[in-house]
Amino acid sequence: CMPALFSSGAFEYLSIGFSMVWFFWLHQFSETYWVYIVNMIVVACDLYAIAIRRGKISHLFETKPMIYLGNISMYIFITHYLIRMYVDRIVKVTGIGSLPVAICEVVIILLLTFVASSWLNKKNGKLAYFDRIVDSIRPKKKT
């Protein structure tokens with residue numbers, strides 16, 4: 001007994017569409033409290049729209065590649081900045097600054113981040129180094 005707006009998936013498209021418009025439009029306003037309130041309402045509507053799983057966008061998030069990206073997202077977060085920092089340093093040392101080099105730099109950063117994150121994810125879903133640290137700190141059980 002959901003209204004047609006929610007059961008058809010139209011709410012998802014309207015909500016995500018409004019989010020995109022609002023993202024580019026909100027900078028036209030001064031930093032007032034009501035802008036933050038609108039931001040919270042927009043995010044709440046987007047989350048609800050995706051949670052009811054009626055449109056194509058929410059079904060996109062249920063595909064295997066998106067689930068895999070969600071599983072490795074912690075490792076992407078951990079490794080991305082370090083890889084970006086080192087690749088950017090190497091590019092700056094070479095002294096070549098052009099659009100094709102910048103595009104290649106972005107592609108290299110994305111590929112290295114994905115490879116490193118996938119490799120870390122295969123390590124039983126944990127960082128073995130941190131497990132050893134936790135085991136060394138944890139008090140031993142007396143037998």
Side-chain angles (χ1 to χ4, degrees), residues 2 5-143:
M2 263 190 205
L5 178 68
F6 296 108
S7 63
S8 68
F11 180 69
E12 183 175 300
Y13 302 123
L14 290 172
S15 176
I16 300 296
F18 182 75
S19 296
M20 291 177 190
V21 170
W22 178 248
F23 176 77
F24 292 109
W25 194 43
L26 74 99
H27 301 292
Q28 303 297 319
F29 302 103
S30 61
E31 294 286 325
T32 58
Y33 67 92
W34 70 271
V35 172
Y36 298 109
I37 293 171
V38 173
N39 284 341
M40 288 188 290
I41 292 169
V42 165
V43 169
C45 287
D46 289 345
L47 288 174
Y48 180 74
I50 292 171
I52 59 175
R53 297 165 40 191
R54 300 278 185 216
K56 299 286 184 196
I57 298 169
S58 58
H59 290 295
L60 171 72
F61 290 133
E62 295 174 350
T63 61
K64 286 185 179 185
M66 293 301 284
I67 291 171
Y68 182 72
L69 281 175
N71 289 336
I72 68 170
S73 64
M74 179 185 72
Y75 303 112
I76 291 172
F77 178 75
I78 291 170
T79 60
H80 176 73
Y81 184 72
L82 293 172
I83 291 171
R84 189 185 73 139
M85 197 171 52
Y86 285 117
V87 171
D88 189 49
R89 181 70 179 149
I90 291 168
V91 169
K92 283 184 180 177
V93 166
T94 62
I96 304 171
S98 66
L99 182 61
V101 172
I103 292 170
C104 290
E105 180 181 356
V106 168
V107 169
I108 289 169
I109 290 169
L110 290 174
L111 286 175
L112 288 176
T113 300
F114 184 76
V115 168
S117 301
S118 297
W119 180 76
L120 289 170
N121 188 45
K122 286 183 182 178
K123 294 291 196 179
N124 295 328
K126 300 176 185 176
L127 292 173
Y129 178 75
F130 292 120
D131 287 344
R132 288 195 304 265
I133 292 173
V134 170
D135 289 340
S136 67
I137 297 171
R138 186 180 298 140
K140 306 287 189 247
K141 289 184 180 180
K142 295 181 182 180
T143 55

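Count residues from 1 along the sequence. Heavy-atom basis, side chains included; hydrogens, waters and symmetry copies ignored.
Considering all non-hydrogen atoms of both residues, Tyr68 and Ser118 come closest at OH-OG, 3.0 Å. Heavy-atom minimum distance, Glu12 versus Lys56: OE2-N, 3.8 Å. Pairing each heavy atom of Leu60 with each of Met66, the nearest pair is O-CG, 3.2 Å. The heavy-atom pair separating Ile67 from Phe61 by the smallest distance is CG1-O, 4.1 Å. Val91 and Thr94 make their closest contact through O-OG1, 2.6 Å (heavy atoms, listed as atom of the first residue, atom of the second, distance). The nearest pair of heavy atoms linking Arg53 to Ser58 is CA-OG, 3.3 Å.
Separating the CD1 atom in Ile108 from the CD1 atom in Ile83 is a distance of 11.5 Å, to the nearest 0.5 Å. The structure places OG of Ser19 at 12.0 Å from CD1 of Ile41, a figure rounded to the nearest 0.5 Å. Residue Ser117 holds its OG atom at 11.5 Å from CH2 of Trp119, rounded to the nearest 0.5 Å. To the nearest 0.5 angstrom, Ile52 atom CD1 is 6.5 Å from Phe11 atom CZ. Rounded to the nearest 0.5 Å, atoms CG (Leu110) and CD1 (Ile76) are 9.5 Å apart. The structure places SG of Cys45 at 11.5 Å from CD1 of Ile50, a figure rounded to the nearest 0.5 Å.
Considering only heavy atoms from C-beta on, Phe18 stays 4.5 Å or farther from Asp46 through its side chain. No side-chain heavy atom of Asn39 sits under 4.5 Å from any side-chain heavy atom of Val43.
Applying the salt bridge (charged side-chain N to carboxylate O under 4.0 Å, His left out) test to every pair with at least one member in residues 89-111, sequence neighbours left out, gives these pairs: Asp88-Lys92.
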Derivation and outcome, side-chain contact (heavy atoms from CB on, under 4.5 Å), residues His80 and Ile109: CA-CA 8 Å; His80 176 73; Ile109 290 169; 3.6 Å; yes

Leu26 and Val38: CA distance, side-chain angles, deciding distance, side-chain contact (heavy atoms from CB on, under 4.5 Å) verdict: CA-CA 9 Å; Leu26 74 99; Val38 173; over 6 Å; no

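Between Trp34 and Trp22, the two ring planes are tilted [angle within 30° to 60°].
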